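Data first, discussion second: the structure below is written as structure tokens.
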Amino acid sequence: MKNPSSDILTEKEIPATASATPLSGSEAVIRSLLEEGVDTIFGYPGGAIMPVYDALYHYQDQVNHILVRHEQGAAHAAQGYARITGKPGICLATSGPGATNLVTGITDAMMDSTPLVCITGQVFASLLGTDAFQEADVIGITAPVTKWSYQITDADEIPEVFAKAFYIANSGRPGPVLIDITKNAQVALMSKEFRYTKCKHIISYRPRLQPKQEQVELAARLINEAKKPYLFVGHGVLIAKAEEELKAFVEKTEIPAACTLLGLSAISSDHPQYVGMLGMHGNYSTNKLINEADLVIGLGMRFDDRVTGNVAAFATGAKVIHIDIDPSEINKIIPADAPVIGDAKAVLKALLPLVEKRERNDWLAEFKELDKEEYEKVIKEDLFPEGGQIKMGEVIHRLSEKTAGKAAIVADVGQHQMEAARYYRFKQTDGYITSGGSGTMGFALPAAFGAKVGSPEREVVAVIGDGCFQMTLQELGTIWQSELPVKIIILNNNYLGMVRQWQQLFFDRRYSFVELKNPDFITIAKGFGIDGMKITEREELDSALDTLISSKKAFLLEILVEKELNVFPMVPSGAPVSDIRLE
Amino acid sequence: MEKLYTICIFTENTLGLLNRISGIFTRRRINIESLSVSETERKGISRFTIVFKSDEREKVEKIVRQIRKIIEVLAVFGYEDPDLVFNELAFFKLDTKNAAGAKQLLEGYKRAKVLFEDEQILIIEKAGTEEEIYSFFKQLKPYGILEFVRSGRIALSRSEKGLAQYLPEAEWAYNI
Ligand SMILES: Cc1ncc(C[n+]2csc(CCOP(=O)(O)OP(=O)(O)O)c2C)c(N)n1
């Protein structure tokens, strides 16, 4: 293609009637999505995907398309949708830059095991490899960050490839898949009748859901023998929807249970067996006591380095049971004495009759004892400060109370993310949606409206730093246009706070390029038709949160918080978990 | 101590797989010593033979598990040399004026022969292990090697089981 603008002008006519047979490739795409029960697409059009958009035009009554403002937003929104519904999130984008803009979100979804089906347009098959206008090797670019990908060059392939894509995305350990469709395959008519059969089996891909009985028995024996067992609850529990089984398991065994960042809300924060969050900014007791345990049970979690700190000094006195659906996680970081491959729900069900009922009050009391120390040194001041500027912690604490712990908190990345994780008291599952493995700034705003679309009844509150907000703030436009009542809190400290904290603690306070000159966020929100309010004083906090929560429409609340607040406790990067600092 | 490991990967014959497989090595900064891809006795199934060095068997096991995760991969097996029968093929190009000496050298070697000869060049084929080929190379060097090429290793395990016993019915999920 010589003249870039001819891209749109050379559009071929495609049949206008949706019911005409045979179907065009584009229509087959939409019909495939409908067959999979898709109700929402997050997308952004462009030349190479226009035929699909044209087909979509005829199906607006059956699919809700949400026009984002940047394809990264589409990917994150689809993640938010997937995380709250358990269904794959769908993104639609054009070739070249449209596709590459998805990459950050796809990577994020891969890291956090989130099912996405990303559909990208591609240049005509005859032009592949010629550096045609807006051609990019999307399959090549995304290979390392997708669970599976496929390039369709023939309309006839569409139903089968889509069926495969949906099956792969949302089975086993979920993840993002990408389907790249050349333009000729979109415009061509299928040579055969459109028939859709859902995929249930792929010969080369057989995730094990049901654990092997001998693995379960070994695990149960270790649990029954242990004096101080300790359960790490990960994202896998939420993905498997195993919350009930988890509750039954901890209630029978009385094993203290801590959640990873992505495992939060799998068990109620108020549950007597719940001891807090693991990880670099997790709780004091949860970290300290890892090396006191004689048995560690990793359940649907992957011993991320933000959880283990120095691996050599992690769980030194403990045997390890590792329960995961992904065999490649076993022995990857922490050698397992008893690996159990399977779906968290199936494994818990199998374990439950084999584990003995126990009381473990003394062991639990050790956690409570250390909690007191954390309360005195950190929490008290974070939640009930006696002066000074508003703290992030007290905002989250008040928010938690006002929403009765039932909101879905969608947190961005940084100090606010950790404070939200620490201080929100989760009483409903899928209550905390954030970018864990990738730590992608800019995640929260689009993910929040994605979650809201997926769960319109649920109160969805995005908690965002002033830095993160400016990575994807254009998505306010999406929220406005789609009339999504998302509640947004910006915790503004005028810094890239988390980086500043590291500079303070580990780089002798050399604040290298972390101070932000921020725009007037409220004016920006208003420009996008969204009401907002800024507060700076503690006295205003309660009523401002009330306004935010009671608003029927989207609302942005900017809260000026303590500028040089630090998040504690903290395990310094690479240190043993037992070196966790309270100040 | 670094050791050679051979991984045999059985896959469906689809585009882009090599990219996914090599990506796993690249991410872990492992240099592939040799690679060969071929068909198998089964239709639509390809076989990758990848040789690389590692100082720990455990690392190899991790790679094997990572490769198993690729959707189109049917089975992956990792081996150390004693588990295998393996070989490579090498070609050497020499100036024909040195043919006499080179041919004399061939007589002392098994599985080495002249593949092509005209007035200008002589091409010698040598089959053998990497070591055998290397030692042959050293012997031939004085005759002036104009060009040299080695195939990747191909290997079959010494196990009595054939592929049919593994595919498609058998359990190739991770067995621990
Ligand atoms: C895309 C991206 N770039 C850079 C980073 C590194 N990073 C992690 S936290 C952070 C600061 C976030 O600042 P802000 O949104 O103001 O949140 P705060 O920490 O102040 O709560 C940065 C720059 C990142 N995680 N993601």
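Heavy atoms only: backbone and side chains are in, while hydrogens, waters and symmetry mates are out. Each chain gets a letter, A, B and so on, in the order the sequences are listed, and its residues count up from 1. If you're wondering where the values come from, they're calculated on a predicted model, not measured in any experiment.
The neighbour count for B:R111 CZ, taken as heavy atoms of other residues, nucleotides or ligands under 6.0 Å away, is above 12. Remark: B:R28 CZ is packed, more than 12 non-hydrogen atoms of other residues, nucleotides or ligands lying under 6.0 Å away. No more than 12 heavy-atom neighbours from other residues, nucleotides or ligands sit within 6.0 angstrom of CD on B:E131. Within a 6.0 Å sphere centred on CG of B:D55, heavy atoms belonging to other residues, nucleotides or ligands number more than 12. For B:E39, the CD atom sits in a loose shell: 12 or fewer heavy atoms of surrounding residues, nucleotides or ligands are nearer than 6.0 Å. Residue A:K345 qualifies as enclosed at atom NZ: its count of foreign heavy atoms under 6.0 Å is above 12. Summarising the local packing, CD of A:Q213 is surrounded by more than 12 heavy atoms from other residues, nucleotides or ligands at distances under 6.0 Å.
Of all the listed residues (A:P207, A:P144, A:S149), the one sharing the greatest number of non-hydrogen pairs under 4.5 Å with chain B is A:S149.
No side-chain heavy atom of B:E58 sits under 4.5 Å from any side-chain heavy atom of A:P335. Considering only heavy atoms from C-beta on, A:I330 stays 4.5 Å or farther from B:K62 through its side chain. Put simply, the side chain of A:N331 does not reach to within 4.5 Å of the side chain of B:E61, judged on heavy atoms. Taking 4.5 Å as the limit, some side-chain heavy atom of A:S204 sits within range of a side-chain heavy atom of B:L74. Side-chain contact between B:R65 and A:D326: absent, with no pair of heavy atoms (C-beta onward) separated by less than 4.5 Å.
Scanning for ring pair (Phe, Tyr, Trp, His ring centres under 6.0 Å) contacts around B:Y143 gives an empty result, with sequence neighbours left out.
Note that the CD atom of B:E12 and the OH atom of A:Y205 stand 13.5 Å from one another [nearest 0.5 Å]. With values rounded to the nearest 0.5 angstrom, A:W148 atom CH2 is found 8.5 Å from B:I71 atom CD1. With rounding to the nearest 0.5 angstrom, the CD atom of B:E72 is 9.5 Å from the OH atom of A:Y150. One distance of note links CG of B:L15 with CD of A:Q151; it measures 8.0 Å at 0.5 Å rounding.
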Start with the C-alpha gap between A:R173 and B:K69, add the side-chain angles, then the distance that decides, and say whether side chain to side chain contact (heavy atoms under 4.5 Å, CB included) holds. CA-CA 10 Å; A:R173 178 178 183 172; B:K69 253 173 93 164; 3.9 Å; yes

